[in-house]
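Lettering of chains follows the sequences in order, A, B, ..., and the numbering in each one begins at 1. Heavy atoms only: backbone and side chains are in, while hydrogens, waters and symmetry mates are out. These numbers come from a predicted model, not from an experiment.
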There are 2 protein chains.
Amino acid sequence: MLTASQPRVRLQAVEPRRLYRQIADQIRTLIGKGAVAPGARLPAERDLARQLGVSRPSLREALIALEVEGLLEVRVGSGIYVSRADGRGRAAEIAGASGPFEVIRARWMIEGECAALAAKNGTAAQLRAIRKAHTDLQKEAKRHHNPLDADRAFHVAIAQATGNSALELVVQTLWDQRVGPLYRALEMKLEYPAMARETTDEHEAVLSAILARDPGSARTAMRRHMDMTKKRYSKDWKEAGK
Amino acid sequence: MLTASQPRVRLQAVEPRRLYRQIADQIRTLIGKGAVAPGARLPAERDLARQLGVSRPSLREALIALEVEGLLEVRVGSGIYVSRADGRGRAAEIAGASGPFEVIRARWMIEGECAALAAKNGTAAQLRAIRKAHTDLQKEAKRHHNPLDADRAFHVAIAQATGNSALELVVQTLWDQRVGPLYRALEMKLEYPAMARETTDEHEAVLSAILARDPGSARTAMRRHMDMTKKRYSKDWKEAGK
DNA sequence: CAAAAATAATCGGTCTGACCACTTGACCAA
DNA sequence: TTGGTCAAGTGGTCAGACCGATTATTTTTG
């Protein structure tokens, strides 16, 4: 080994990339460039192999690699097709389209259940985390800071307490919808310090119900919080004119 | 050969799954069970192929699939080794992504409500869109195509019929969670054509309830669909996946 | 004439067997 | 010790063949 004295030159290890990877890269690039449309059929294996100047087994290895990656779909007896939706960034398309009231309505539904689940299944540590998020929010509000981050943390903590990371993902996704232009315009008009009191009160109710392990009350409290939030937004919605 | 007279029975039971997937499953299971330690070397390709009773090209296809998944590492001229980073890397990935069963549970909750809302509020055009998505799925299934895209379209169409784009976003987000590594490994074991019948039947129930404007039945039918989906996944969840 | 059944052309799935290039370690020589 | 040689083992790649599934076409049938 050459661990004793370092070589002066940092020469890159020769990388004889295996054939199937080279082929896969080439096809992947073609798909990425849009040279072959999603859903389109590729040439038959035999033709592809001939065009690429490789044997069919090697081409097949590349195809299987791309299939595992989810880029291709092989239909026996029919052909090889580019996957229609490799799932990337489609959600982002309508991300900007969700209006504040739609989001609140969805949260009413989802976070209400989250609160109930948290009350039912949350571990002691998770409940502690919720309480901590709540006191953090109170502190932030007292200091007249922007309480948005702390508010988010409270709701996410409840979602975490459900023990279901998919629900946590959903709550985060919905919360982060307020990056949208509509939301922004609306929040510009909101007076946070003024509503901080109400918000913390409503949170308080949710927190108590969860700590009391009362799923029904937790759900009700969370829904009420959402109703009030909607009302607060509505007020400024009308004032804004549109 | 037995090409002479075929039995009338339509025996779907005998694994029509492609060979490389069966082999990959077997090896993945071995690794998951810890039968081969991380860093350990597997038998030579020729030996493995003989032991498994398959040809070397087929075995190689399976090895490449597992290599793309990151479970194996192939060193030219040396041998095939179980990835060491498997534990860490996989745990990290899993931490970020939501597991299949968490997603199904979340969908049970959310899409159930979506179905109810769609039955209550969906416009005629939106309901038509749902029905079209359903027939599309039926057609795809009949052609033994991979019905995933059409399946997704059905569920998204229902979410759209709620008239709440935030809910649509949520449904899409959850659906697209299956790009995760855990999901992928699981789906490699699934056989879509076999379950297409059940899926379309369950969808049928959901569709009927929505078209009948019956929110309660729609919710129940959708929840039942999710329960069944979970059951289908569970069947293949006997691995040491975690 | 239209629907259904048989047919033929494609296409992917798999196998056999072979040869090549690389890695490894044992052995030998300077 | 150092360096080289060599052989065995291993993965990489290939060519050709046959099978079964799919699909479009043609033929048959009502």
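- Under the side-chain contact (heavy atoms from CB on, under 4.5 Å) criterion, A159(B) pairs with E168(B), V171(B), sequence neighbours left out.
- Nucleotide dT24(C) holds its P atom 8 Å from the CZ atom of R75(B), rounded to whole Å.
- For the side-chain contact (heavy atoms from CB on, under 4.5 Å) test with T173(B), the passing option among L174(A), V170(A), L169(A) is L169(A); the others fail.
- A heavy-atom distance below 4.0 Å to DNA chain D is reached by these residues of residues 49-65 of chain B, ordered by number: R56(B), R60(B).
- Taking the salt bridge (charged side-chain N to carboxylate O under 4.0 Å, His left out) definition, one finds that R50(A) meets it with D47(A), sequence neighbours left out.
- Using modelled atom types, no side-chain atom of T162(A) and backbone atom of L117(A) make a donor-acceptor pair closer than 3.5 Å.
- A search for side-chain hydrogen bond (donor to acceptor under 3.5 Å, both in side chains) contacts involving S217(B) returns D214(B), not counting sequence neighbours.
- Annotation: side-chain hydrogen bond (donor to acceptor under 3.5 Å, both in side chains) contacts of S58(B) (sequence neighbours excluded): S55(B).
- Atom pair L19(B):CG and dT14(C):P shows a separation of 5 Å (rounding to whole Å applied).
- Side-chain atoms of T200(B) and Q138(B) include no donor-acceptor pair closer than 3.5 Å.
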With 3.5 Å as the limit, what N/O pairs link the protein to nucleotides 3-5 of chain D?
none

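- Taking R219(B) as the reference, E113(B) meet the side-chain hydrogen bond (donor to acceptor under 3.5 Å, both in side chains) condition, with sequence neighbours excluded.
- Atom CD of E73(A) is separated from atom C1' of dC11(C) by 15 Å (rounded to the nearest Å).
- Surrounding CZ of R152(A) are more than 12 heavy atoms belonging to other residues, nucleotides or ligands, all under 6.0 Å away.
- The S78(A) side chain lies nearest to dT22(D) when the options are dT22(D), dT13(D), dG13(C).
- Considering only residues two or more places apart in sequence or on other chains, D227(B) meets the side-chain hydrogen bond (donor to acceptor under 3.5 Å, both in side chains) condition with W108(B).
- Projected onto DNA chain D by closest heavy-atom contact, I23(A) and I80(B) fall at different nucleotides, the more 5' of which corresponds to I80(B).
- Stems are defined here as 3 or more consecutive Watson-Crick or G-U wobble pairs with pairing distances under 3.5 Å; those involving DNA chain C are C:1-30 with D:1-30.
- Partners of K120(A) by salt bridge (charged side-chain N to carboxylate O under 4.0 Å, His left out), not counting sequence neighbours: none found.
- Protein atom CZ of R18(A) is 4 Å distant from nucleotide atom P of dG12(D), rounded to whole Å.
- Scanning residues 39-47 of chain B for heavy-atom distances under 4.0 Å to DNA chain D yields R41(B), A44(B), E45(B), R46(B).
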Could you pull out every donor-acceptor pair under 3.5 Å between side chains of residues 124-131 of chain B and any protein atom, sequence neighbours left out?
residue: Q126(B); atom: OE1; partner: T123(B); partner atom: N; Å: 2.9
residue: Q126(B); atom: OE1; partner: T123(B); partner atom: OG1; Å: 3.3
residue: Q126(B); atom: NE2; partner: Q160(B); partner atom: O; Å: 3.2

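- With the nearest nucleotide of DNA chain C identified for both G77(B) and V74(A), V74(A) has the one nearer the 5' end.
- Atom CD of E73(A) and atom OG of S78(A) lie 9.5 Å apart (nearest 0.5 Å).
- In this structure, E67(B) places its CD atom 11 Å from C1' of dG11(D), rounding to the nearest Å.
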